[in-house]
Enquirer: 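Please find one structure pasted underneath; my questions will follow.
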Amino acid sequence: MQDKAASGTLAPEEPVLDIQHLTVHYVLEEETVEAVNDISIRLEKGRILGLVGETGAGKTSTALAALNLIPDPPGVIRSGSVKVCGRDMLRMSQQELEQIRGRDVSMIFQDPMTSLNPVFTVGEQIAESIRLHTDCTASEAMERAGDMLELVGIPRERAGEYPHQFSGGMKQRVVIAIALACSPKVLLADEPTTALDVTIQAQVLDMMIALKEKLDTAMIFITHDLGVVAEICDEVAVMYAGRVIERGTLDDVFNHTKHPYTEGLFNSLPDIQDRTAALRPIPGLMPDPTRLPKGCAFAPRCPYASPACIETVQTERAFSETHTVMCSAYEDPAFHIRREEV
Amino acid sequence: MADNILEVRDLKKYFKTPRGQLHAVDGVSFSIQRGQTLGIVGESGCGKSTTGRCVLRLIEPTSGQVLFDGEDLLSLSSREMRRRRCDLQIIFQDPFSSLDPRNTVMQTIAEGVRMRGKYKTRAQVEGRVLELMETVGLAERLVNSYPHELDGGRRQRIGIARALAVEPKLIVCDEPVSALDVSIQAQILNLLKDLQRQLGLTYIFITHDLAVVNHISDEIMVMYLGQVVEKAPSEELFRAPSHPYTKALLSAIPIPKVGGERKRRILLKGEVSSPIEPGDECRFAKRCAYAGQVCREGCPGLRELSAGHVAACHKLGADGEMVP
């Protein structure tokens, strides 16, 4: 079996996904939603990056832009580049995009109930993805679809069944099988376990870790659940109002938290090991993405904010090779947040 | 003698389906002390929401008793029940679909205030609405806003104010924070706890989020396929879970901590079986690592392990350890 087109070749240290200065806006009649503002993300082979943030932080827009799937209109990619295996997704023809999507980079959506076609069997849907990207006969594709089903823990005999015959967790496995059918280098997973019950979520997460180890796929794992991040990711990027405000390894972000917003997120979570600990929510609400403050977007809710934070845009500051934070409070060398280092 | 505000006895709700009876709630019994919070947890389809709704008779139970302050709610006529509902309220999961889009905040809350009948004149009612808005932390300027103008957290506050308007004694909270972001979720959980302290409310707190239920509940009841499999004081349940399902459920919670010792996860085999005509075997047996002959022969009943801690499992020894 041979791929129809050679996929991009890579030097070993080059990232499989390299997003630089990406800005995505949604231009509406009366206002402009500034969803993603100058984001840069690098992802190396076989690594899992957790993209964390609340509703409206710009997580999904970032992932859609990485596939050049932003609905246009109203979406506009204002600037930036998205290199998958060295080739820029944003400067490709439709035909090139169709080749690369599903082969080098795939996406899994949150809701497994709506991302499958109800009138085709799951086997046909997996085989379709394989036939699009490889030269193989229909029966070979079905054979491989069966292999993929087994890989995600579904007996291959069920290839002839329709999506409605599967439970939610099983459907999400099918969606994962489709996404991984051509062994992509990069997988974008948008809240893949959010719609599942915890015991099923545990099964799916375990399976995803095993698959990553087997296929060496790099993943961006979008979630709002810091617990899931701790279970599955190698690195974390925390988003707020369209910017990555803190990034680093799991240890950097969880045990040496620097950004006040990240601290606020941790303080808002009930501690399952200490039920009497008080919740300290972040006061106020996310800023309106059509009217972002001109300085730091978190400043209005930030307990440490100074007048300078409200006026000036923060710049990225590196604490170590892996750990960077966007917060101007660190201009003052004595500044530290209250969360204790573990 | 414990001061139980609510006692539910052998509650059953069966739905008719073309393939037979669906046992949504199958013989659930529990009681709650006044001023306490009972958490009901379980996964999709375990019957936790149906149980909550049956208590309020929003769904008519098939059989059983619901004793509220000693009076069986199921024996009341629909008119009497309507009056009684001032004592029992519900807060729904989705603040987007549970508010009438054509009513302002004032109209939504005022409806409940009038229902109680304590405030007669328009000025009194409006004064009370403003008081309630302050209680739940809604700014007065929002009084004429419509739900679509507000975010999820504020909408959930309206839902809470509406429930409080009739001055209830017991509130069923059906996944009240599941649709909210964590920072807003924490604001609402703190509000619910404050209100309980101030007003002496009793809560039934239904959720699938175990960290949340642990934080807010005094006692926790774990349900599986329409039945109670374990019930214990929260601390006890998390410290010493006994039923194999509870153990697996607790071990599956992702913990937002890095480093230190990671707990071992118990992965369950397969998925929840069908609640239609479930038959007379332990409903968890197919997924249970300990299941034996006895589990396939009969459904286990709840047994007391220690004061206030009950579990339903054939394989559970007297000392709380599993018998192979």
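Quick note on labels: first sequence line is chain A, next is B, and so on, each numbered from 1.
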Enquirer: Please name the pair of heavy atoms, one in A:Ile272 and one in B:Asn214, separated by the smallest distance, quoted to 0.1 Å.
Expert: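 For A:Ile272 and B:Asn214, the tightest heavy-atom pair comes out as O-ND2, 3.0 Å.
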Enquirer: Between B:Pro256 and A:Ala230, what is the shortest heavy-atom contact and its length?
Expert: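 Heavy atoms only, the tightest pair is CA-CB, 4.2 Å.
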Enquirer: Taking side chain to side chain donor-acceptor pair (under 3.5 Å) as the cut-off, I'd like each qualifying pair that reaches into residues 135-146 of chain B, sequence neighbours left out, listed once.
Expert: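 For residues 135-146 of chain B, and leaving out neighbouring residues, there are no side chain to side chain donor-acceptor pair (under 3.5 Å) pairs at all.
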Enquirer: So how far is it from A:Gln273 CD to B:Arg239 CZ, rounded to the nearest 0.5 Å?
Expert: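 Taking CD in A:Gln273 and CZ in B:Arg239, the distance rounds to 15.0 Å.
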Enquirer: Closest heavy-atom contact between B:Ala211 and A:Pro270?
Expert: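 So the minimum-distance heavy-atom pair works out to O-CB, 3.6 Å.
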Enquirer: Looking at B:Ala252 and A:Val198, what are the two nearest heavy atoms and their distance?
Expert: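 Reported closest heavy-atom pair: CB-O, 3.7 Å.
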Enquirer: How about B:Tyr290: does its OH atom have over 12 heavy atoms from other parts shown lying under 6.0 Å from it?
Expert: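 Count not over threshold, so no.
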Enquirer: Which residues from residues 50-57 of chain A are near chain B, with near meaning under 4.5 Å between non-hydrogen atoms?
Expert: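 Within residues 50-57 of chain A, near chain B: A:Glu54, A:Thr55.
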Enquirer: If you count the non-hydrogen atoms of other residues, nucleotides and ligands that lie under 6.0 Å from CD in B:Gln198, is the total more than 12?
Expert: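 Above 12, so yes.
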Enquirer: Counting only heavy atoms closer than 4.5 Å, note whether A:Met286 contacts chain B via side chain, backbone, both or neither.
Expert: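 Answer is neither: A:Met286 stays 4.5 Å or more from chain B.
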Enquirer: Is any side-chain heavy atom of B:Arg154 less than 4.5 Å from a side-chain heavy atom of A:Leu285?
Expert: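 Of all side-chain heavy-atom pairs linking A:Leu285 with B:Arg154, at least one is under 4.5 Å.
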Enquirer: Scan A:Ile282, A:Leu269, A:Leu226 and name whichever one has a side chain to side chain contact (heavy atoms under 4.5 Å, CB included) with B:Val182.
Expert: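 Only one of A:Ile282, A:Leu269, A:Leu226 forms a side chain to side chain contact (heavy atoms under 4.5 Å, CB included) with B:Val182, namely A:Leu269.
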Enquirer: Less than 4.5 Å apart, side chain to side chain, heavy atoms only: is that true for A:Pro281 and B:Ser183?
Expert: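 The answer is no, as the side chains (C-beta and beyond) never meet within the 4.5 Å cut-off.
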Enquirer: Apply side-chain hydrogen bond (donor to acceptor under 3.5 Å, both in side chains) to the pair A:Thr199 and B:Glu43, showing each step before the final yes or no.
Expert: CA-CA 8 Å; A:Thr199 61; B:Glu43 301 181 273; 2.7 Å; yes
Enquirer: Within a reach of under 6.0 Å around CZ of A:Arg158, are more than 12 heavy atoms found that belong to other residues, nucleotides or ligands?
Expert: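 Result for CZ/A:Arg158: enclosed.
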Enquirer: Of all heavy-atom pairs between B:Pro254 and A:Glu231, which one has the smallest distance, and what is that distance?
Expert: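 Here B:Pro254 and A:Glu231 meet closest at CA-OE2, 3.5 Å.
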Enquirer: Give a yes or no on whether the backbone of B:Ser217 and the side-chain of A:Arg275 come within a donor-acceptor separation of less than 3.5 Å.
Expert: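 Checking the backbone N and O of B:Ser217 against the side chain of A:Arg275, a donor-acceptor pair under 3.5 Å is found.
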Enquirer: When you measure from the side chain of B:Asn190 to the backbone of A:Leu279, do you find a donor-acceptor pair of N or O atoms at a distance under 3.5 Å?
Expert: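 Such a contact is found between B:Asn190 side chain and A:Leu279 backbone.
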Enquirer: Around A:Glu150, counting heavy atoms of other residues, nucleotides and ligands shown, do more than 12 lie under 6.0 Å from its CD?
Expert: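 It does: A:Glu150 CD has more than 12 such atoms within range.
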Enquirer: Let me know if B:Leu210 has heavy atoms under 4.5 Å from chain A in its side chain, its backbone, both or neither.
Expert: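 Answer is both: backbone and side chain atoms of B:Leu210 are under 4.5 Å from chain A.
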Enquirer: Tell me, out of A:Asp206, A:Asp251, A:Leu265, who's got the most heavy-atom pairs with chain B below 4.5 Å.
Expert: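 Ranked by contacts with chain B, first place is A:Asp206.
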Enquirer: CG of B:Asp209 to CG of A:Asp225: how many Å apart, nearest 0.5 Å?
Expert: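 It is 8.0 Å, given to the nearest 0.5 Å.
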Enquirer: In terms of heavy-atom proximity below 4.5 Å to chain B, should A:Val228 be classed as side chain, backbone, both, or neither?
Expert: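 Contact with chain B involves both backbone and side-chain atoms of A:Val228.
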Enquirer: With respect to chain A, which residue among B:His215, B:Lys193, B:Glu235 yields the maximal number of heavy-atom pairs within a distance under 4.5 Å?
Expert: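 The option with the most such pairs is B:His215.
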Enquirer: Where on B:Asp151 is there a heavy atom nearer than 4.5 Å to chain A: the side chain, the backbone, both, or neither?
Expert: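 Just the side chain, heavy atoms under 4.5 Å.
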Enquirer: Verify, without hydrogens or angle tests, whether A:Gln203 (side chain) and B:Leu267 (backbone) share a donor-acceptor contact under 3.5 angstrom.
Expert: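 Judged by distance alone, no pair lies under 3.5 Å.
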Enquirer: Answer with side chain, backbone, both or neither: which region of A:Asp271 has an atom nearer than 4.5 Å to a non-hydrogen atom of chain B?
Expert: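 A:Asp271 touches chain B through backbone and side-chain heavy atoms alike.
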